[in-house]
Trainee: 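My structure is below; once you've seen it, I'll send some questions.
A note on names: the letters A, B, ... follow the listed sequences, proteins ahead of strands, and every chain is numbered from 1. Values below: every heavy atom of this structure, side chains too, minus hydrogens, waters and symmetry copies.
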Amino acid sequence: MATQSLSATPAAPAQDSRRPSSVASGTTKKPNIFKRIAQHFRRYWELWLLSAPALIFVAIFAYVPMWGIQLAFRKFDPDKGLTGGDWVGFYYFKQFFHSPLFGEIMTNTIRISLWTLVMGFIFPIILALLINQIHSTKVKGFVQTVTYMPHFISVVVIVSMLNIFLTPGSGIIGRFLGLKASWATRRRSLPSTGSLKSGSIADGTPSSNLAALAGVDTSLYEAAKIDGAGRWQLIRTVDIPAIMPTAGILLILSMGSVLNVGFDKIFLMQNSLNLPATEVISTYTYKIGILNSQFSYSTAIGLFNTVVNFVFLITANAISKKISETSIF
Amino acid sequence: MSTTTVTPAPKTSGDEIPWNKHQRQHLTPGDWVASIIIYGLIALAVIAVLYPLWFVVIASFSNPNKVAAGDVLLLPKGITFVGYAKVFANARIWRGYLNTIIYSVVGTAVNLAVTIPCAFALSRKEFKPRRVILFLFTVTMFIAGGLIPNYLLYKQLGLLNSMWVFILPGAVSVYNVIVARSFFETSIPEELFEAAQLDGESYLGYFFRIVIPLSSAILAVIGLYYFVGHWNDFMTGLIFITDDEKQPLQVVLQQLLLVVQGTATNVDAAAQQQAADQIKFGIIIVSTLPLMVIYPFLQKYFNKGVMLGAVKG
């Protein structure tokens, strides 16, 4: 029962000596439940009021579309809208798997997303470890501010800047690497640039890594130093284990979106020449779904995407549990 | 205070100082190397972030031909304001700017009005349904309807091609709710609530009169997160808006900056490219400036806020 009550006593407890617990509880329980619910609302109506808008929004904009997933199994009928239409089972899934583009799309998606995952995981950790080594708090703050800045720049701007710098002849990087043809047209370049960018954008996460590092007990450092650890060993043996739980959780979470390769960046960097290497599930879904109005087909692919992500998430979680005892579920 | 010792092992005498970040001690040659590497890498990272920004700034003031030829490296060359003049004369940019400001401000206001009260309610331990609610919220972080169901839903709700498509669907970010909830759980002492109860305050009274005034840090952080999300949002406009008049700045930028790229082979495209070149840097600056200016001021809130999110445990 609630320990802090603004009003009167809670409902009558089940262990009332007047009522034998076995037989009579069957008939006396029902009024109890309604009474309890009414009492609950009388006490907590304000909290319900405060959270109501959020609950409504989540119900409408997160759960209704989930219900609309069944579109993946139905033939879309414009007259019947979201849930009408005939049931066709796995028809659209099969269509996707047998489509000539399937191999290409899947390969691209997996390749780009693995790159992104690796970069987005390693960079922030290294950065956090480095920043943590700075002695002066002023310099530390400065570096933190600076490295967090890309977070504020829009994808459009970042991709434009990338194009500018990679232009053969005039772009800084372009000249440095002596590129002859436009970088954008080379197929293989996309994954690496995309992942580098996401590595820098992922600089939101170092702060949480840093927080974990800042919380490390200084006596651990003491003990390690007494055992003769040099600076590098200190990092290896104290900092890294301290970061691992946070980083691990972040890794699991990103595994859950392993196939959600950022639509924004990819879409902005695509052009007709690099398409075979850059078409991924998210961009393909957009093109055939919104631009071509193949609603059912697109929903089916989206559902496939979600399911695979989920499988990855559960797997990563299980592995992490086995290895380090940190997990989300 | 210290001289380099031959071996890394510190003295075991009584004046041993624990490793802490504000004092150097007993540095070895190995430590020096480590320091150089560490600071070197950090400098590299800082330059990698700052130089592109600096370049865009100076290029926006420079003669576009010199920029294209690659003459501009550290300082502007051939200072000219032609680029900016063109940017300011472009009506599409202004309209996009206005749209973005409206969507971002209204959007963030709605965001905060919806997220913060809910986070408060969920932070009350005596509120039994909170577990279920949080679970339902968290599920939405992993399972989503997908693009098409969302699109059809917005269509039915009349959100397509309307300003509200920027504001309503994204009103609740579950992640932000969780961060705000952690804040309320850890930073508002329970004694305040007990004292308020003695004074006869209800939950609503407590929330508005005591909790909110104390929450400026989390309001700033979450507000900023949401605001930046709105400002830089590019996909929503692209997918759900068909009227050019209603497009936010980012989509206008995309149309101006990125549509011509990689295939400048014929004369027409080259001329377009030239025109785009002149305004490109100016546009980048003009669109990013507001956030860049706000950020340093709110920066201290930010670092604190991200740490709060990390404590969620």
Trainee: At a heavy-atom separation under 4.5 Å, does B:Leu53 approach chain A through its side chain, its backbone, both, or neither?
Mentor: both

Trainee: Side chain, backbone, both or neither: which part of B:Ile133 has a heavy atom under 4.5 Å from chain A?
Mentor: side chain

Trainee: Parallel, tilted or perpendicular: which one describes the rings of B:Phe127 and A:Trp48, with boundaries at 30° and 60°?
Mentor: perpendicular

Trainee: Could you state the interatomic distance from OG (A:Ser154) to CG (B:Leu253), rounded to the nearest 0.5 Å?
Mentor: 6.5 Å

Trainee: Does the side chain of A:His40 reach to within under 4.5 Å of the side chain of B:Pro129, using non-hydrogen atoms?
Mentor: yes

Trainee: Considering only heavy atoms from C-beta outward, does the side chain of A:Leu47 approach that of B:Arg130 to under 4.5 Å?
Mentor: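 No - every pair of side-chain heavy atoms lies 4.5 Å or more apart.
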
Trainee: Between B:Tyr151 and A:Gly289, is there a donor-acceptor pair closer than 3.5 Å when you use the side chain of the first and the backbone of the second?
Mentor: no

Trainee: By a 4.5 Å heavy-atom criterion (distance strictly below it), what part of B:Ile116 contacts chain A: side chain, backbone, both, or neither?
Mentor: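 Neither part.
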
Trainee: So, do A:Tyr44 and B:Glu126 sit near enough that their side-chain heavy atoms are less than 4.5 Å apart?
Mentor: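 Yes, at least one pair of side-chain atoms sits under 4.5 Å.
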
Trainee: Run through A:Ile69, A:Leu71, A:Ile288 and flag the one making a side-chain contact (heavy atoms from CB on, under 4.5 Å) with B:Ile148.
Mentor: A:Leu71

Trainee: Given the options B:Leu122, B:Leu147, B:Leu291, which has more heavy-atom pairs under 4.5 Å with chain A than any of the others?
Mentor: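 Among B:Leu122, B:Leu147, B:Leu291, the one with the most close pairs to chain A is B:Leu147.
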
Trainee: Examine whether an atom of B:Ile285 lies under 4.5 Å from a heavy atom of chain A, and if so say whether it belongs to the side chain, the backbone or both; otherwise answer neither.
Mentor: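 Neither part, no heavy atoms under 4.5 Å.
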
Trainee: For A:Tyr286, which atoms come within 4.5 Å of any heavy atom of chain B: side chain, backbone, both, or neither?
Mentor: both

Trainee: What distance separates A:Ile290 CD1 from B:Leu238 CG, expressed to the nearest 0.5 Å?
Mentor: 9.5 Å

Trainee: According to side-chain contact (heavy atoms from CB on, under 4.5 Å), who are the partners of B:Ile42, at least two apart in sequence or on a separate chain?
Mentor: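 With neighbours one apart ignored, the set is A:Leu130, A:Ile134, A:Val143, B:Ile38, B:Val46.
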
Trainee: Between B:Gly229, B:Pro52, B:Ala45, B:Ala113, which has the largest tally of heavy atom pairs under 4.5 Å with chain A?
Mentor: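 Highest number of pairs under 4.5 Å: B:Pro52.
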
Trainee: Give, as side chain, backbone, both or neither, the part of B:Leu204 having an atom under 4.5 angstrom from any heavy atom of chain A.
Mentor: both

Trainee: Could you tell me the separation between the OH atom of B:Tyr203 and the CZ atom of A:Arg43, rounded to the nearest 0.5 Å?
Mentor: 8.5 Å

Trainee: Drop me the distance from A:Ile153's CD1 to B:Ser287's OG, to the nearest 0.5 angstrom.
Mentor: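 OG of B:Ser287 is found 9.5 Å from CD1 of A:Ile153.
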
Trainee: Select one option (side chain, backbone, both, neither) describing which atoms of B:Tyr154 are under 4.5 Å from chain A's heavy atoms.
Mentor: side chain

Trainee: Name each donor-acceptor pair under 3.5 Å that joins a side chain in residues 297-304 of chain A to protein atoms two or more places apart or in another chain, with its distance.
Mentor:
| from | atom 1 | to | atom 2 | distance (Å) |
| --- | --- | --- | --- | --- |
| A:Ser298 | OG | A:Thr285 | O | 3.2 |
| A:Thr299 | OG1 | A:Phe295 | O | 2.7 |

Trainee: Please evaluate residues A:Phe61 and B:Asn150 with respect to the criterion side-chain contact (heavy atoms from CB on, under 4.5 Å), reporting the C-alpha separation (whole Å), side-chain torsions for both, the decisive distance (0.1 Å), and the verdict.
Mentor: CA-CA 8 Å; A:Phe61 290 107; B:Asn150 276 317; 5.8 Å; no

Trainee: Of the backbone (N, CA, C, O) and the side chain (C-beta and beyond), which part of B:Ile37 lies under 4.5 Å from a heavy atom of chain A, both, or neither?
Mentor: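 No part of it gets close to chain A.
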
Trainee: Can you tell me which portion of A:Ile60 sits under 4.5 Å from chain B's heavy atoms? Options are side chain, backbone, both or neither.
Mentor: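 For A:Ile60, the contact with chain B is made by backbone and side chain together.
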
Trainee: Is B:Thr115 close to chain A through its backbone or its side chain, or both, or neither, when contacts mean heavy atoms under 4.5 Å?
Mentor: neither

Trainee: Name the member of B:Ile239, B:Val139, B:Val56, B:Thr288 that forms the most heavy-atom pairs with chain A at distances under 4.5 Å.
Mentor: B:Ile239

Trainee: Might you point out which heavy atoms bring A:Ser51 and B:Cys118 nearest each other, and give the distance in Å?
Mentor: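 In this case the closest contact between A:Ser51 and B:Cys118 is CB-SG, 3.7 Å.
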
